[in-house]
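Written below as structure tokens is the structure these notes are about.
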2 protein chains.
Amino acid sequence: MTAEAAMRVLIVEDDPVHRAFLREAVEVALPECDTVFEAEDGQSGERVAREHRLENVIMDLQMPQRTGVDAARTIWRERPATSILFWSNYADEAYVRGVSRIVPEGAAYGYLLKSASEDRLRLALRSIFLENQCVIDKEIRGVQQKSQDRSSGITDAEYEILLDLAIGLTDRVIAARRHMSLRSVQNRLQHLYGKLGVTHGETGEEAVFNLRTRAVSVAMLRKLLNRTALEQAEEEFRRWRERS
Amino acid sequence: MTAEAAMRVLIVEDDPVHRAFLREAVEVALPECDTVFEAEDGQSGERVAREHRLENVIMDLQMPQRTGVDAARTIWRERPATSILFWSNYADEAYVRGVSRIVPEGAAYGYLLKSASEDRLRLALRSIFLENQCVIDKEIRGVQQKSQDRSSGITDAEYEILLDLAIGLTDRVIAARRHMSLRSVQNRLQHLYGKLGVTHGETGEEAVFNLRTRAVSVAMLRKLLNRTALEQAEEEFRRWRERS
DNA sequence: AACGAATTTGCGGGAACCCGCAACGGGAGA
DNA sequence: TCTCCCGTTGCGGGTTCCCGCAAATTCGTT
């Protein structure tokens, strides 16, 4: 038991400029914080959080080696009550999906864009770390909404097959992996094509697009997919493959 | 003719934290610089450079709306003697290719990673803006080398078809667009597959991968491709399509 | 229990893809 | 000039993809 409410914060951020900026912001916004830890990648972020039993984390999302999502997952697995503020450059749906997939029941978390004003950042820091409130950037909210919308949004099932598609699997392998018939895979693909609005080309002439590749392309352009999501899917597939 | 060597510098960078950091660095490293202009996207960067006839630019690469490469291209088109220091987060081959494709004969330019030390940055500023020397980060050099290597590197022709592939075109459309026969397209594709090391799968069993999509996937993972490159290719294709 | 809607699966076929084989053509060097 | 090498083109085939049609199954609702 610490005598006073001595708060400690961990900053996980690879960019030194941003790291310094965050430390400054924490010191200004949270005078009750007496110690600021820093880590410059997900790997060591996990380690420091574990060693010092830290409960307040500011986490960059895109980092080399080990993503912010990865790090947050293991941190939350070890102590689900940790408060994490995600601090990211982009509002890609791929990231938003990644985060909301791992946040545990009742945990306080936040999702702020780096373009947010300093005031907003300071407010978010106090809300999350002192009052355990969730703070989600408005833009992120929009993405969350859209991704859950029935009509334009993409189902989890469809997202799953999109990943399989994106790493280049054949229909047959997808069928084997997901325990479906070949035809079902093709069905899901057609749904996906519909949702993404990919067609062979405007008119009824000859095909302009290869739907398979085109789907990946527009998913990328719409930021449904990004390299990080790809890497993760690749890794999962590798693991599945090893145990036959 | 300015009476003294009154240098002026333009900083084009969307992230306010980095922008402030850069301004600071310029003021320290270049005391002979008396005016620092700032722009927060490619669009206005071009405008400011044009209006004030600036010859020294620091340019972020990934920016919303209009890329650093785009902005640099038009700036250099208007005044090829401009010195530009590119300042980027990543050493993706896609970016490196994009830059070295547009740098005009004899222009001074630099390519620094944001992870470089402040000393390195200051040194680069002086080298480029005062002595018109090119300064390329070592990591970037490595990428440049590799991309020009005969064996592992990818030809411009192959890169071109990779882009067509990535935006989802069919063989036939690629053939029409590039004025080749269908078979030639398929040939190039096979070369590409070879270079990227994509196969149907390890053993001689059934195919695990769809080569087409798989190629895009590994190109992404290897950072040969990124979303920006995709966008650009998409745009070019659209233009080609309009004039039949 | 019964009904309707959404998924799953099979069948079949046309189109696109992947690719080995072979001939042709143009540029580099002996 | 002759030859060698590389890129292009055609042909033919096996495979995979894309998808309409229709029966079967699942699931939620009344």
Side-chain angles (χ1 to χ4, degrees), chain A residues 149-219, chain B residues 149-151 153-162 164-219:
Chain A
D149 182 14
R150 262 269 161 268
S151 58
S152 72
I154 287 202
T155 316
D156 282 348
E158 283 154 2
Y159 190 70
E160 195 174 54
I161 212 174
L162 172 59
L163 289 177
D164 286 341
L165 199 64
I167 61 177
L169 303 186
T170 60
D171 291 0
R172 180 161 26 201
V173 174
I174 301 179
R177 182 180 184 193
R178 305 298 183 191
H179 309 293
M180 292 189 295
S181 79
L182 222 173
R183 190 57 178 92
S184 290
V185 172
Q186 297 177 335
N187 257 334
R188 276 169 137 85
L189 283 178
Q190 269 174 267
H191 284 172
L192 183 66
Y193 298 154
K195 287 282 185 66
L196 292 177
V198 285
T199 64
H200 282 299
E202 287 77 55
T203 81
E205 316 156 21
E206 291 161 332
V208 174
F209 292 122
N210 171 320
L211 299 189
R212 199 150 253 270
T213 323
R214 182 64 179 165
V216 176
S217 182
V218 321
Chain B
D149 181 16
R150 262 269 161 266
S151 58
I154 287 201
T155 316
D156 282 348
E158 283 154 1
Y159 191 71
E160 194 174 56
I161 212 175
L162 171 61
D164 285 343
L165 198 64
I167 61 176
L169 302 187
T170 60
D171 291 359
R172 180 161 27 200
V173 174
I174 301 179
R177 183 181 183 192
R178 305 299 183 189
H179 308 293
M180 292 190 295
S181 81
L182 222 173
R183 190 57 179 92
S184 290
V185 173
Q186 297 177 335
N187 259 332
R188 278 170 136 84
L189 282 177
Q190 270 174 266
H191 285 170
L192 184 67
Y193 298 154
K195 288 282 185 69
L196 292 177
V198 284
T199 63
H200 283 300
E202 287 79 52
T203 81
E205 315 156 21
E206 291 160 331
V208 174
F209 292 122
N210 172 320
L211 299 189
R212 202 150 250 270
T213 324
R214 183 64 180 164
V216 177
S217 183
V218 321

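All chains are named by letter (A, B, ...) in the order of the sequence lines, taking the proteins before the strands, and each is independently numbered beginning at 1.
Rounding to the nearest 0.5 angstrom, the gap separating the CZ atom in R188(B) from the CG atom in L162(B) is 12.5 Å. Note that OG1 of T170(A) is 11.5 Å distant from CZ of R214(B), once rounded to the nearest 0.5 Å.
In this structure, H200(A) reaches the dC19(D) phosphate: one of its side-chain N or O atoms is under 4.0 Å from OP1 or OP2. Between S184(A) and the phosphate of dT9(C), there is a side-chain N or O to OP1/OP2 separation shorter than 4.0 Å.
Going from atom CG of D156(B) over to atom P of dG7(D) covers 13 Å, rounded to whole Å. Rounding to whole angstrom units, CZ of residue F209(A) and C1' of dA15(C) are separated by 17 Å. As rounded to whole Å, 11 Å separates atom P of dC18(C) from atom CD1 of I161(B). Nucleotide dC17(D) holds its P atom 20 Å from the CZ atom of R214(A), rounded to whole Å. Rounding to whole angstrom units, CG of residue L182(A) and C1' of dT8(C) are separated by 13 Å. We find that NE2 of H191(A) is positioned 12 Å from C1' of dC19(D), with the value rounded to whole Å.
For S181(A), the listed nucleotide lying nearest its side chain is dG10(C); candidates were dT9(D), dC17(C), dG10(C). Set against dC18(C), dA16(C), dC18(D), the side chain of R172(B) has dA16(C) as its closest nucleotide. If you check dC17(D), dC18(C), dT9(C) against the side chain of N187(A), the one that comes closest is dT9(C). Closest contact between the side chain of R183(A) and the listed nucleotides dG20(D), dT7(C), dG10(D) involves dG20(D).
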Output, in order, the C-alpha distance, side-chain angles, deciding distance and verdict of side chain to side chain contact (heavy atoms under 4.5 Å, CB included) for D164(A) and V185(A).
-> CA-CA 11 Å; D164(A) 286 341; V185(A) 172; over 6 Å; no

Please lay out, stage by stage, how I161(A) and R178(A) fare under the test side chain to side chain contact (heavy atoms under 4.5 Å, CB included).
-> CA-CA 9 Å; I161(A) 212 174; R178(A) 305 298 183 191; over 6 Å; no

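Judged by closest nucleotide on DNA chain C, Q186(A) is the one of Q186(A) and T213(B) placed further toward the 5' end. Place N210(B) and R188(B) on DNA chain D by their nearest nucleotides, and R188(B) ends up nearer the 5' end.
Judged purely by atom type and a 3.5 angstrom limit, R172(A) has no side-chain atom pairing as donor or acceptor with the backbone of V208(B).
As judged by a 4.0 angstrom heavy-atom cut-off over every strand, T170(B) is placed among residues touching the sugar-phosphate backbone only.
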